[in-house]
Asks: 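Take this structure, written in structure tokens, and hold onto it; I'll ask about it next.
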Amino acid sequence: GLNVAIPNKSKSIKDYQNVYNDIAEKIREEDEFDNYIGYGPILVRIAWHSSGTFDKNNMTGGSFGGTMRFKKEINDPSNAGLKQADEFLAPIYKKHSWISHGDLYTLAGVTAVQEAQGPKIPWRPGRVDQPENTTPENGRLPDATGDSSYVRNYFGRFGFNDTEIVALIGAHCLGKTHLENSGFEGPWGAASNVFSNEFFVNLLNENWKLQKNAAGNEQYDSPKGYMMLPADFALRQDNKFLKLVKAYANDQDLFFNDFAKAYVKLLESGIHFPADQKPFIFKTLDEQE
Ligand code: HEM
Ligand SMILES: CCN(CC)c1nc(N)c2ccccc2n1
């Protein structure tokens, strides 16, 4: 059923900005993780994967219950590599145990995007931890080998349109794939921790070659050492998706605006917030110097 957010009346934006700052300072401190990519990308991914179990057809899953904290969900093969994000957040939760896990996972994703010089992501608290028996079954996250109709159909489960789908996948400007996690490898060249429209620029401009990787899975590789998943490349293979890819490759501000809106919708999927609950917009560390 629909999840109704219950904001903690004793907590203000100051309290959540303190949590944001602790996450942001820890990202800066532990900068050597994953060959100096840092923790930002997997924090964006754990926020997405904790929200990506949502299914509007039966109103189950989504970020509300914080069930990513349970073995059943974190051990979903689709979540391989995310235990490191959960461990990164454990001391933050220990210090701020008044926050729910659902709020913590999504706030971490907001912090990571903003600290990567990405757009401001308005965020609302009020998710309430649910018991282990509410954990959704494994298999609700997308398959990297899907084509454009698979991708459109998958995100249709959230009620996302083409703009929201293409914008969201633009988060693949961050981080990299790891053979031991997903069976895909690379990019060696550009793995980045700066949020930009580079994913779309590369997707359009690189000379892609479909080849089998060391795990025997097909992926697109470029001479510069970049890669695209089949599901990434699918955005070039559909006319409506391609139009959006070109728009974002040529206008980073448009991408930032559309991404912020779609990411909020993803992180809040399946949750009803009180009509009068205004979102918080956090300052970056640099803005608080
Ligand atoms: C068709 C939809 C999608 C598919 C099939 C997909 C698939 C993948 C795969 C296979 C990886 C590599 C994981 C690893 O090997 O460590 C990955 C990484 C990543 N994904 Fe996606 N993804 C999708 C959508 C998204 C969305 C909507 C977001 C966020 C809004 C996102 C954010 C990320 C980030 C930040 C990483 C890098 C993580 C790291 O560096 O460890 N992805 N994705
Ligand atoms: C745009 C090239 N990069 C690194 C900046 C890239 N490309 C990807 N295709 C990609 C796919 C999944 C996760 C991270 C990814 N990163």
Side-chain angles (χ1 to χ4, degrees), residues 33-52 54 77-85 88 106 108-110 112-113 116 118-119 121 140-158 160 164-206 208 213 215 217 219-222 224-236 241 245 248-249 258-267 269:
F33 178 70
D34 203 7
N35 293 324
Y36 288 91
I37 294 172
Y39 278 94
I42 60 169
L43 295 177
V44 171
R45 191 163 200 240
I46 199 168
W48 137 233
H49 276 203
S50 61
S51 308
F54 178 65
S78 301
N79 289 328
L82 294 183
K83 277 193 188 74
Q84 295 161 306
F88 174 96
T106 53
V110 167
V113 168
I121 312 290
R140 291 186 176 211
L141 293 159
D143 179 345
T145 64
D147 63 10
S148 51
S149 46
Y150 169 86
V151 170
R152 185 174 278 114
N153 182 56
Y154 173 81
F155 283 103
R157 202 185 74 199
F158 300 73
F160 284 138
E164 291 162 328
I165 294 167
V166 176
L168 280 172
I169 297 174
H172 283 173
C173 63
L174 294 174
K176 68 186 291 291
T177 55
H178 308 79
L179 212 67
E180 67 278 17
N181 289 346
S182 62
F184 293 94
E185 187 47 68
W188 309 271
S192 127
N193 51 22
V194 174
F195 200 90
S196 74
N197 66 344
E198 185 204 350
F199 171 81
F200 301 108
V201 172
N202 291 355
L203 184 56
L204 279 185
N205 299 340
E206 285 296 294
W208 298 108
N213 65 28
N217 300 315
Q219 65 179 58
Y220 292 84
D221 295 327
S222 89
K224 285 188 196 158
Y226 302 155
M227 63 81 69
M228 288 289 162
L229 301 164
D232 292 328
F233 205 74
L235 301 185
R236 276 182 51 136
F241 285 157
V245 169
Y248 295 149
D258 288 355
F259 177 83
K261 287 199 291 274
Y263 199 48
V264 169
K265 187 170 168 182
L266 174 68
L267 271 37
S269 288

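We're numbering straight along the sequence, starting at 1. Indexing begins at 1, ligand by ligand and atom by atom, following the structure's order.
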Asks: Show the short N or O contacts, below 3.5 Å, that ligand 1 makes with protein N or O atoms; if there are none, say 'none'.
Replies:
{"residue": "ligand 1", "atom": "15 (O)", "partner": "H178", "partner atom": "N", "Å": "2.7"}
{"residue": "ligand 1", "atom": "15 (O)", "partner": "H178", "partner atom": "O", "Å": "3.2"}
{"residue": "ligand 1", "atom": "15 (O)", "partner": "S182", "partner atom": "OG", "Å": "2.7"}
{"residue": "ligand 1", "atom": "16 (O)", "partner": "H178", "partner atom": "ND1", "Å": "2.7"}
{"residue": "ligand 1", "atom": "16 (O)", "partner": "N181", "partner atom": "ND2", "Å": "2.9"}
{"residue": "ligand 1", "atom": "20 (N)", "partner": "H172", "partner atom": "NE2", "Å": "3.0"}
{"residue": "ligand 1", "atom": "22 (N)", "partner": "H172", "partner atom": "NE2", "Å": "3.0"}
{"residue": "ligand 1", "atom": "40 (O)", "partner": "K176", "partner atom": "N", "Å": "2.9"}
{"residue": "ligand 1", "atom": "40 (O)", "partner": "K176", "partner atom": "O", "Å": "3.3"}
{"residue": "ligand 1", "atom": "42 (N)", "partner": "W48", "partner atom": "NE1", "Å": "3.2"}
{"residue": "ligand 1", "atom": "42 (N)", "partner": "H172", "partner atom": "NE2", "Å": "2.9"}
{"residue": "ligand 1", "atom": "43 (N)", "partner": "H172", "partner atom": "NE2", "Å": "3.0"}

Asks: Going by the atom numbers of ligand 2, which of them fall below 4.0 Å from some non-hydrogen atom of M228?
Replies: 9 (N)
Asks: When you measure from the side chain of N217 to the backbone N and O of G183, does any donor-acceptor pair fall under 3.5 Å?
Replies: yes
Asks: Counting N and O atoms only, with roles assigned by atom type, does the side chain of E185 sit under 3.5 Å from a partner on the main chain of L179, one being a donor and the other an acceptor?
Replies: yes
Asks: Scan side-chain atoms only and decide if E198 and N202 contain a donor-acceptor pair under the 3.5 Å cut-off.
Replies: yes
Asks: Please could you name the atoms of ligand 2 that F199 approaches to less than 4.0 Å, counting only its heavy atoms?
Replies: 1 (C), 9 (N)
Asks: Find out whether F155 and E164 are in side-chain contact, i.e. whether some heavy atom of one side chain is under 4.5 Å from a heavy atom of the other.
Replies: no
Asks: Checking the side chain of T177 only, and the main-chain atoms of G186 only, is there a donor and an acceptor separated by less than 3.5 Å?
Replies: yes
Asks: Do you see a donor-acceptor pair shorter than 3.5 Å between the side chains of Q219 and N213?
Replies: yes
Asks: Go through ligand 2 atom by atom and flag the ones less than 4.0 Å from a non-hydrogen atom of N202.
Replies: 1 (C), 2 (C)
Asks: Which ligand 2 atoms, with their elements, are less than 4.0 angstrom from a heavy-atom of E198?
Replies: 5 (C)
Asks: Heavy-atom contact check, 4.0 Å cutoff: does V201 meet ligand 2?
Replies: no
Asks: What class does the angle between the rings of F54 and F158 fall in, given that below 30° is parallel, 30 to 60° is tilted and above 60° is perpendicular?
Replies: tilted
Asks: Say whether M227, considering both its backbone and side-chain N or O atoms, lies within less than 3.5 Å of an N or O atom on ligand 2.
Replies: yes
Asks: Going by distance only, is there an N or O of D232 that falls short of 3.5 Å from an N or O of ligand 2?
Replies: yes
Asks: Does A234 offer a backbone N or O that forms a donor-acceptor pair with the side chain of Y150 under 3.5 Å?
Replies: no
Asks: Between R157 and R140, is there a donor-acceptor pair closer than 3.5 Å when you use the side chain of the first and the backbone of the second?
Replies: yes
Asks: Any idea which part of Y226 is under 4.0 Å from ligand 2, heavy-atom wise: side chain, backbone, both or neither?
Replies: neither
Asks: Between C173 and ligand 2, find which residue part has any heavy-atom pair under 4.0 Å and reply side chain, backbone, both or neither.
Replies: backbone
Asks: Does any N or O in the side chain of R236 come within less than 3.5 Å of the main-chain N or O of L203, such that one atom is a donor and the other an acceptor?
Replies: yes
